[in-house]
Asker: 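Below is the structure I would like to discuss, written out as structure tokens.
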Amino acid sequence: MLTIESFLANSFSNAINILYGTDIEGSTLQIQKTHPDFKGDFTLVVFPLLKVSKKKPEETGADIGNYLISNHKEFVDFNIVKGFLNVSLSNAFWISTLENSTNDEQFGFAKPKSTGRHVMVEFSSPNTNKPLHLGHIRNNLLGFSVSRILEAVGNDVRKVNLVNDRGIHICKSMLAWQKFGNGETPQTANKKGDHLVGDYYVRFDKEYKIQIENLKAQGLTEEEAKQKAPLMLEAQEMLRKWEAKDAEVIALWEQMNGWVYEGFEKTYANLGISFEKVYYESQTYLLGKVIVAWGLEQGVFFRKPDGSVWIDLTAEGLDEKVLLRADGTSVYITQDIGTAVQRFDEFHLNEHVYVVGNEQEYHFSVLKHILKRLGYMWSDHLFHLSYGMVNLPEGKMKSREGTVVDADDLITEMIETAREMANELGKLDGLNELEVEQVCRVVGLGALKYFILKVDPKKNMTFNPRESIDFNGNTGPFIQYTYARIQSVLRKATDEGVANISRVSVVEMTEKERELIKLTTLFPGIVQQAATQYSPALIANFAYDLAKEYNQFYHDHSILRDTTEEVKQLRLSISAQVGRCIKNAMWLLGIDVPNRM
RNA sequence: GGUCCGGUAGCUCAGUUGGACAGAGCAACAGCCUUCUAAGCUGUGGGUCACAGGUUCGAAUCCUGUCCGGAUCACCA
């Protein structure tokens with residue numbers, strides 16, 4: 001199937017070839033949708049072609065325009081404004097384009113696994129000492145959406161999660177529970193397990209601070225106090241016991257992590273997020289040591305007098321970086337080296353995407369350089385999808401100051417707001433409780449997901465819990481509403497027995513009708529672009545533009561009334577196709593669309 | 001201090017590999033529902049694209065410098 005982009009590129013380069021005897025490189029061919037203020041469907045920028053035509057812009061444009069309308073039946077008209085050649089395509093062309101896609105439910109998507117490429121996307125990666133918050137939500141939504149986008153362009157995608165389930169921070173909540181918990185469990189506390197554990201993490205910090213203050217009162221410096229506080233010493237002792245596989249500590253660790261996993265399960269389910277595979281650091285943290293030993297042998301790494309192992313990356317503009325501590329234990333990056341090698345090996349990966357915040361850019365830069373030095377050719381195919389922070393109007397979220405927006409709370413609030421809104425508008429009359437519940441969930445989550453995904457991943461964003469989430473304007477619900485409207489019309493058409501809409505006769509079309517068909521043809525290209533740029537935001541913005549355009553069309557066109565059969569079929573067919581594009585675009589964002597709302 | 005990212009309307013954000021007079025939404029104001037869903041549509045006001053140079057037919061976009069904000073430069077993960 002020919003995309004609109006390649007159809008246009010072929011036509012223009014054919015014209016240029018015949019007229020000027022030159023093959024044009026893709027980059028000098030600048031084709032864009034014609035600016036709304038001018039007549040035409042697509043515009044060729046002729047400035048870059050003056051070198052080969054050796055004529056003025058107007059003459060060059062006229063040459064090409066004339067050639068196209070006399071040799072390609074799809075082109076019917078053209079005009080030239082300054083250096084811009086605006087061409088119009090025939091109604092027959094647009095109608096047949098529409099017809100070709102009316103039965104394609106997967107419109108916009110490539111054939112599954114058609115590229116033969118294996119891609120792994122790692123995201124979420126929570127710590128098991130506290131519940132998920134707004135920052136994790138951005139991570140999860142991005143990772144999930146990017147996975148679907150990469151899948152939609154034909155890759156075999158594997159979504160994985162690497163849970164950080166060990167380390168001193170985990171011991172802190174364990175210790176606090178042991179000391180102050182009195183055997184409390186999620187059941188007795190009637191609380192999600194991740195929240196319960198998170199409370200003890202906060203408790204640790206509180207008690208720890210008191211101890212520090214006491215020690216400072218006894219004359220110790222801040223630094224000394226932090227190091228000598230009994231709680232910290234105990235936590236460190238607990239970590240040593242964990243590493244020595246002390247039965248009691250391991251049992252406590254398993255119990256508390258179990259609580260957290262149960263809690264995470266619910267949050268993931270609420271968000272509609274899933275993984276093919278979950279890795280646990282407790283099982284992978286020793287990976288990479290063998291590779292480091294080998295690299296040391298090869299002279300890629302070096303050993304310092306104290307026994308620690310390093311790599312010198314000053315040639316790459318970075319610093320020296322430690323890979324093994326003096327006592328032989330590994331650090332974070334050691335594990336990442338190990339898991340990367342293991343994964344590329346096991347799954348024959350062509351690409352590995354890490355969805356991790358931008359504060360770890362340095363880390364991933366180091367990781368890539370190390371793997372390259374070790375001779376792994378695929379190191380160029382590690383991609384750090386680095387996203388910006390989510391800030392509150394007051395600034396950064398700080399867990400210690402209790403300004404963190406909790407994921408579960410936020411989801412609940414969104415669904416509640418959706419319900420209030422729907423009630424106010426009288427949208428839910430005639431639906432039973434189950435249907436009401438479903439619509440509010442879909443709409444509430446749609447609002448949240450869209451709000452986060454419409455922003456370019458690499459940008460920091462501001463989230464105002466009270467004001468940010470809107471249900472009107474450039475929002476998820478606006479797009480969902482448009483979809484529901486379309487379904488409503490299609491239902492009505494079926495009820496009225498309107499014939500098969502996959503055959504559309506050629507009739508005169510209004511500007512809006514042409515514009516809508518044109519927009520839908522751009523969808524496959526947008527998906528491609530979103531995949532190359534790892535940007536769900538492109539999909540989100542496309543869906544919005546399309547929905548906005550459709551609502552204008554809907555407002556001043558009658559679809560089922562006062563129209564001929566031909567016009568009815570055309571408009572229904574356009575509606576169906578727009579609905580399909582919206583549905584598929586939203587699917588790529590991980591957002592459901594309701595049949596009514 | 002070094003490196004990376006950002007600075008577009010009062011607020012939140014778009015702006016395709018440089019292209020036509022910089023666009024949406026929110027907020028404000030004024031209109032449109034006996035007719036397919038008004039979570040919609042239409043209109044008004046709102047800009048020195050941080051600043052200064054440069055490159056070119058053309059710069060919000062590329063280059064240089066300056067200012068502001070963020071991240072990072074741990075034997076933390």
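Order of the sequence lines sets the chain letters (A, B, ...), proteins ahead of strands, with each chain counted from 1. The structure presented is a predicted model; accordingly, all values stated were derived computationally and were not measured. What you see below is based on every heavy atom in this structure, not just the backbone, and it leaves out hydrogens, waters and symmetry mates.
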Asker: Expressed in whole Å, how much space separates the C1' atoms belonging to B/rC11 and B/rG2?
Answerer: 35 Å

Asker: I want to know whether A/Tyr450 and A/Phe478 have ring centres closer than 6.0 Å.
Answerer: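 No, the ring of A/Tyr450 stays outside the 6.0 Å limit from the ring of A/Phe478, centre to centre.
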
Asker: Starting from P on B/rC41, measure out to OH on A/Tyr550 and report it in whole angstrom.
Answerer: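 Roughly 13 Å, once rounded to whole Å.
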
Asker: Grab the CG-C1' distance between A/Asp545 and B/rA24 for me, whole Å please.
Answerer: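 The answer, rounded to whole Å, is 8 Å.
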
Asker: Could you run through nucleotides 72-77 of chain B and give me one letter per nucleotide, 5' to 3': B if any protein heavy atom sits under 4.0 Å from the base, S if only the sugar-phosphate is that close, - if neither?
Answerer: SS-BSB

Asker: Can you check the distance between B/rG45 and B/rC4, where both ends of the measurement are the P atom (answer in whole Å)?
Answerer: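 Straight-line distance between the two P atoms is 43 Å.
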
Asker: Identify whether the distance between the nearest side-chain nitrogen and carboxylate oxygen of A/Asp205 and A/Lys172 falls below 4.0 Å.
Answerer: no

Asker: Give me the ring orientation class for A/Tyr332 and A/His363: parallel if the planes are under 30° apart, tilted from 30 to 60°, perpendicular past 60°.
Answerer: parallel

Asker: Salt-bridged, A/Arg166 to A/Glu243, with N to O below 4.0 Å?
Answerer: yes

Asker: Taking atom P in both B/rC33 and B/rG15, compute the distance separating them and give it to the nearest angstrom.
Answerer: 37 Å

Asker: A/Asn86: what forms a side chain to side chain contact (heavy atoms under 4.5 Å, CB included) with it, not counting sequence neighbours?
Answerer: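 Per chain and number, A/Asn86 pairs via side chain to side chain contact (heavy atoms under 4.5 Å, CB included) with A/Thr34, A/Phe38, A/Thr43, A/Asn79, A/Val81, A/Phe84.
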
Asker: Residues in side chain to side chain contact (heavy atoms under 4.5 Å, CB included) with A/Asn164, at least two apart?
Answerer: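 So A/Asn164 forms a side chain to side chain contact (heavy atoms under 4.5 Å, CB included) with A/Asn127, A/His169, A/Glu281.
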
Asker: Taking NZ, NE, NH1 and NH2 as the nitrogens, is one of them in A/Glu515 or A/Lys518 under 4.0 Å from a carboxylate oxygen of the other?
Answerer: yes

Asker: Could you grab the distance from atom CG of A/Asn541 to atom NZ of A/Lys454, nearest 0.5 Å is fine?
Answerer: 8.5 Å

Asker: Any residue in residues 457-464 of chain A with a heavy atom nearer than 4.0 angstrom to RNA chain B? Just list them by number, or reply none.
Answerer: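 Of all residues in residues 457-464 of chain A, the ones placing a heavy atom under 4.0 Å from RNA chain B are A/Lys458, A/Lys459, A/Asn460, A/Met461, A/Thr462.
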
Asker: Can you give one letter per nucleotide of nucleotides 31-40 of chain B, going 5' to 3': B for a protein heavy atom under 4.0 Å from the base, S for sugar-phosphate only, - for none?
Answerer: ----SBBSBS

Asker: Give, for atom OG of A/Ser575 and atom CD1 of A/Ile559, the distance between the pair rounded to the nearest 0.5 Å.
Answerer: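 These two atoms lie 4.0 Å from each other.
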
Asker: Nearest heavy atom decides the nucleotide; on that basis, is A/Val45 or A/Asp470 closer to the 5' end of RNA chain B?
Answerer: A/Val45

Asker: Using the side-chain contact (heavy atoms from CB on, under 4.5 Å) rule, pick out the option among A/Lys372, A/His369, A/Lys368 that qualifies with A/Glu316.
Answerer: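 Exactly one pass, corresponding to A/His369.
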
Asker: Base, sugar-phosphate, or nothing for A/Ser386, non-hydrogen atoms under 4.0 angstrom?
Answerer: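 Result for A/Ser386 = nothing.
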
Asker: Which residues satisfy the side chain to side chain donor-acceptor pair (under 3.5 Å) test with A/Gln480, sequence neighbours excluded?
Answerer: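 By the side chain to side chain donor-acceptor pair (under 3.5 Å) rule, A/Gln480 matches no residue at all.
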
Asker: What residues form a side chain to side chain contact (heavy atoms under 4.5 Å, CB included) with A/Pro524, not counting sequence neighbours?
Answerer: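 Here the qualifying residues are A/Phe107.
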
Asker: Once you round it to whole Å, what is the distance between C1' of B/rG19 and CZ of A/Phe38?
Answerer: 11 Å

Asker: Can you tell me how far C1' of B/rG25 sits from CD1 of A/Ile469, to the nearest Å?
Answerer: 13 Å

Asker: Take atom CZ of A/Phe84 and atom P of B/rG18, then tell me their distance rounded to the nearest Å.
Answerer: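 Result: 14 Å.
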
Asker: For A/Glu320, what residues pass the side chain to side chain contact (heavy atoms under 4.5 Å, CB included) criterion, not counting sequence neighbours?
Answerer: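 With neighbours one apart ignored, the set is A/Phe302, A/Lys304, A/Trp310, A/Asp312.
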
Asker: Work out how far the P atom of B/rG25 is from that of B/rC63, and round it to whole angstrom.
Answerer: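 Going atom to atom, P in each nucleotide, I get 32 Å.
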
Asker: How far, in whole Å, is B/rU44 from B/rU3 if one measures between their P atoms?
Answerer: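 Comparing P positions in B/rU3 and B/rU44 gives a spacing of 48 Å.
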
Asker: Find the distance A/Asn391:CG to B/rC11:C1' and express it as a whole number of Å.
Answerer: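 Distance, rounded to whole Å: 15 Å.
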
Asker: For A/His557, what residues pass the side chain to side chain donor-acceptor pair (under 3.5 Å) criterion, not counting sequence neighbours?
Answerer: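 Testing A/His557 for side chain to side chain donor-acceptor pair (under 3.5 Å), a comparison that skips the adjacent residues, returns A/Thr510.
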
Asker: Would you call A/Arg419 and A/Glu437 a salt bridge, using N to O less than 4.0 angstrom?
Answerer: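 So A/Arg419 pairs with A/Glu437 through a salt bridge.
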
Asker: Decide yes or no on side chain to side chain donor-acceptor pair (under 3.5 Å) for A/Thr462 and A/Asn391, but give the supporting numbers first.
Answerer: CA-CA 5 Å; A/Thr462 307; A/Asn391 295 317; 5.6 Å; no

Asker: Select base, sugar-phosphate, or nothing to describe what A/Asn86 touches, counting heavy atoms under 4.0 Å on all strands.
Answerer: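 Result for A/Asn86 = base.
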
Asker: Would A/Arg138 and A/Tyr387 count as a cation-pi pair here, with the cationic atom under 6.0 angstrom from the ring centre and within 45° of the axis?
Answerer: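 Judged by the rule, A/Arg138 and A/Tyr387 form no cation-pi pair.
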
Asker: Is B/rC33 syn or is it anti, if syn means the base angle is within 90 degrees of 0?
Answerer: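 For B/rC33, whose glycosidic angle is within 90° of 0, the conformation is syn.
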
Asker: Let me know the distance between CD of A/Gln32 and P of B/rG23, rounded to the nearest Å.
Answerer: 14 Å

Asker: Scan nucleotides 57-62 of chain B nucleotide by nucleotide, 5' to 3', and note B when protein non-hydrogen atoms come under 4.0 Å of the base, S if they reach only the sugar-phosphate, - if neither.
Answerer: B-----

Asker: When the distance from CG of A/Leu50 to P of B/rG19 is rounded to whole Å, what number comes out?
Answerer: 17 Å

Asker: Determine the Euclidean distance between corresponding P atoms of B/rU16 and B/rA22; express it in Å to zero decimal places.
Answerer: 15 Å

Asker: A/His35 or A/Asp456: which one's nearest nucleotide on RNA chain B is closer to the 5' end?
Answerer: A/Asp456

Asker: Which string of ( ) [ ] | and . matches RNA chain B, if you list each base 5' to 3' and count Watson-Crick or G-U pairs only when both distances are under 3.5 Å?
Answerer: (((((((..((((.....[...)))).(((((.......))))).....(((((..]....))))))))))))....

Asker: Determine the interatomic distance between C1' on B/rA52 and the same-named atom on B/rC57; round to the nearest Å.
Answerer: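 That atom pair is separated by 24 Å.
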
Asker: Excluding sequence neighbours, so at least two apart, what forms ring-ring contact (aromatic ring centres under 6.0 Å, His included) with A/Phe542?
Answerer: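 Counting only residues at least two positions away or on another chain, A/Phe542 forms a ring-ring contact (aromatic ring centres under 6.0 Å, His included) with A/Phe523.
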
Asker: Determine the interatomic distance between C1' on B/rG53 and the same-named atom on B/rG40; round to the nearest Å.
Answerer: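 Pairwise C1' distance, B/rG53 against B/rG40, rounds to 48 Å.
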
